[in-house]
Amino acid sequence: MRKNVGVSRWFHLIYLGNLLWAPVFDPAADWVDWALVAVVFVAFVPMYVLSWRRPELVRHWCLVPTVVLGALATPFNAGAAVLFVYAAVFAGLSESRRLAMRWFVGLSVLICVFGVVSVVEMPYRVWALLPSLVFLWVVGLVEVEWAEREREGSELRIRTARVEHLATLAERERIARDLHDLLGHTLTAIILRAQLVSANPSRAQEEAAEIERAARAALGEIRDAVTGWRSASLETELEAARAALSSLGVEVTVRRDPELVIVGSTEHELALALREAVTNVARHARAQTCHIGVEARDGELRLVIADDGVGGHAPEGNGLTGMRERIAALGGLVARTVSAGTTVTIAVPLEVAT
């Protein structure tokens, strides 16, 4: 996936070919025109590469220099106006929507000015400048939408991490309180009975039986508590999935059979699988819609997560591998299909699930 993205970024440099129209087709072109094209190529390509390798430097090291380069070259080669399209991309990548729109207006004004003062003859000047003026807005607005979505996703991950951290702290405090409540009284009683045995050996057998009973009761309480701490709820994960994806602009549809009752161990594993699948949708899919279904069909309990994004072409990672292992332990299967988006189908035998 990452390799394909890198290839597509290099491919976008093909639009610099607009610089070649003037020296190739102008009979009056000389070495100066070719030298100008070479200077623009040599100066711009490093900035373009820097824009995706160091996004934090785009504003000062890519956006502004590209505008300056375009302003210097466009009066003598109208095809250099394509640099303003690249500048619009840099503005959409590095600036807020409001500032990016201001850059788009300023770049449009520059193109209009060069439509008047350029030394390139008419109508070739207009033919070269007009496409850049149009694509500046089209590509720039697309970049703004994509960048805002990326920023929202990043902010969501940060907020999620903070919430998880606070939840972990709260859970630790609750565990400490529960352990104190569960074990404090029982251990105190065991200590007192042990002291009675030491003081009165004739009661050793009777007290030993009571100590064993109290210890077994405490062990059972601890097991029940630990089971409660570790259990994940499918309903909770469905709500969390709806909230997380909706915050990214993804339309979420949830269909769950209300009469379907799932045993705790199976529900826990399905909830974790749903969490992993939704995380993949949020991180990689760039989807517009996501459908989540929980239903019984053909002797199986099926959890289906389907999106219309592009993340399905990425290789399977550790998350999906772990999901397959957990579901396989229940006798189920995980199927992943890629068509117009990605569909993950998790099927567990009904006799295990209900």
Side-chain angles (χ1 to χ4, degrees), residues 152-153 155-179 182 222-285 287 289-297 300-307 311 317-330 332 334 336 342-350 352-354:
E152 289 174 359
E155 291 173 359
L156 175 62
R157 289 190 290 271
I158 293 173
R159 290 196 299 269
T160 301
R162 289 176 178 172
V163 169
E164 289 179 350
H165 176 66
L166 294 175
T168 299
L169 294 178
E171 188 69 3
R172 288 175 180 173
E173 294 178 357
R174 186 183 73 83
I175 290 172
R177 290 193 300 268
D178 288 352
L179 284 175
L182 286 172
I222 291 175
R223 287 173 175 169
D224 291 341
V226 169
T227 300
W229 294 335
R230 293 179 179 174
S231 179
S233 168
L234 187 58
E235 292 294 336
T236 301
E237 290 300 327
L238 287 171
E239 290 300 320
R242 190 195 302 272
L245 295 178
S246 296
S247 68
L248 293 176
V250 180
E251 182 180 354
V252 182
T253 303
V254 178
R255 184 178 67 255
R256 189 193 191 289
D257 185 355
E259 298 180 0
L260 193 60
V261 179
I262 308 173
V263 298
S265 58
T266 301
E267 181 179 13
H268 173 75
E269 298 299 337
L270 290 176
L272 294 180
L274 173 62
R275 183 186 304 173
E276 177 61 30
V278 170
T279 299
N280 288 337
V281 174
R283 289 181 177 175
H284 308 300
T289 62
C290 181
H291 302 279
I292 303 174
V294 183
E295 61 181 352
R297 182 188 300 175
E300 295 179 331
L301 172 63
R302 294 185 182 179
L303 170 61
V304 180
I305 304 95
D307 67 76
N318 294 330
L320 191 56
T321 301
M323 183 195 304
R324 292 186 188 279
E325 293 173 353
R326 287 194 299 269
I327 299 303
L330 300 174
V334 177
R336 178 173 178 259
T342 303
T343 300
V344 176
T345 303
I346 302 163
V348 178
L350 273 178
V352 176
T354 57

- Item | For C290 against I305, the heavy-atom pair lying closest together | SG-CG2, 3.9 Å
- Nearest-0.5 Å distance that lies between atom CD in E325 and atom CD in E269: 11.0 Å
- Applying side-chain hydrogen bond (donor to acceptor under 3.5 Å, both in side chains), name anything that partners E239, two or more places apart in sequence or on another chain. none
- Query: Are any non-hydrogen side-chain atoms of L270 and V294 less than 4.5 angstrom apart?
  - Reply: no
- Message: When you compare the side chain of E295 with that of L260, does any pair of heavy atoms fall below 4.5 Å?
- Response: no
- Query: Distance from R336 atom CZ to T345 atom OG1, nearest 0.5 Å?
  - Reply: 12.0 Å
- Item | Heavy-atom closest contact (M323 atom, A277 atom, distance) | CE-N, 4.0 Å
- One should read off an interatomic distance between E300 CD and L350 CG, to the nearest 0.5 angstrom, of 8.0 Å
- Message: Working to the nearest 0.5 angstrom, can you tell me the gap between T236 OG1 and R275 CZ?
- Response: 9.5 Å
- Sequence-distant partners of E235, side chain to side chain contact (heavy atoms under 4.5 Å, CB included), two or more places apart: S233, L238, R256
- Query: Are the side chain of R255 and the backbone N or O of G293 linked by a donor-acceptor pair below 3.5 Å?
  - Reply: no
- Output the distance between atom CD1 (I346) and atom CG (L301), rounded to the nearest 0.5 Å. 9.5 Å
- Qualifying residues under side-chain hydrogen bond (donor to acceptor under 3.5 Å, both in side chains), relative to T289, sequence neighbours excluded: D308
- Query: Looking only at heavy atoms, which two atoms of I327 and A347 are closest? And how far apart?
  - Reply: CG2-O, 4.1 Å
- Query: Can you tell if the side chain of E276 reaches within under 4.5 Å of the side chain of V344, non-hydrogen atoms only?
  - Reply: no
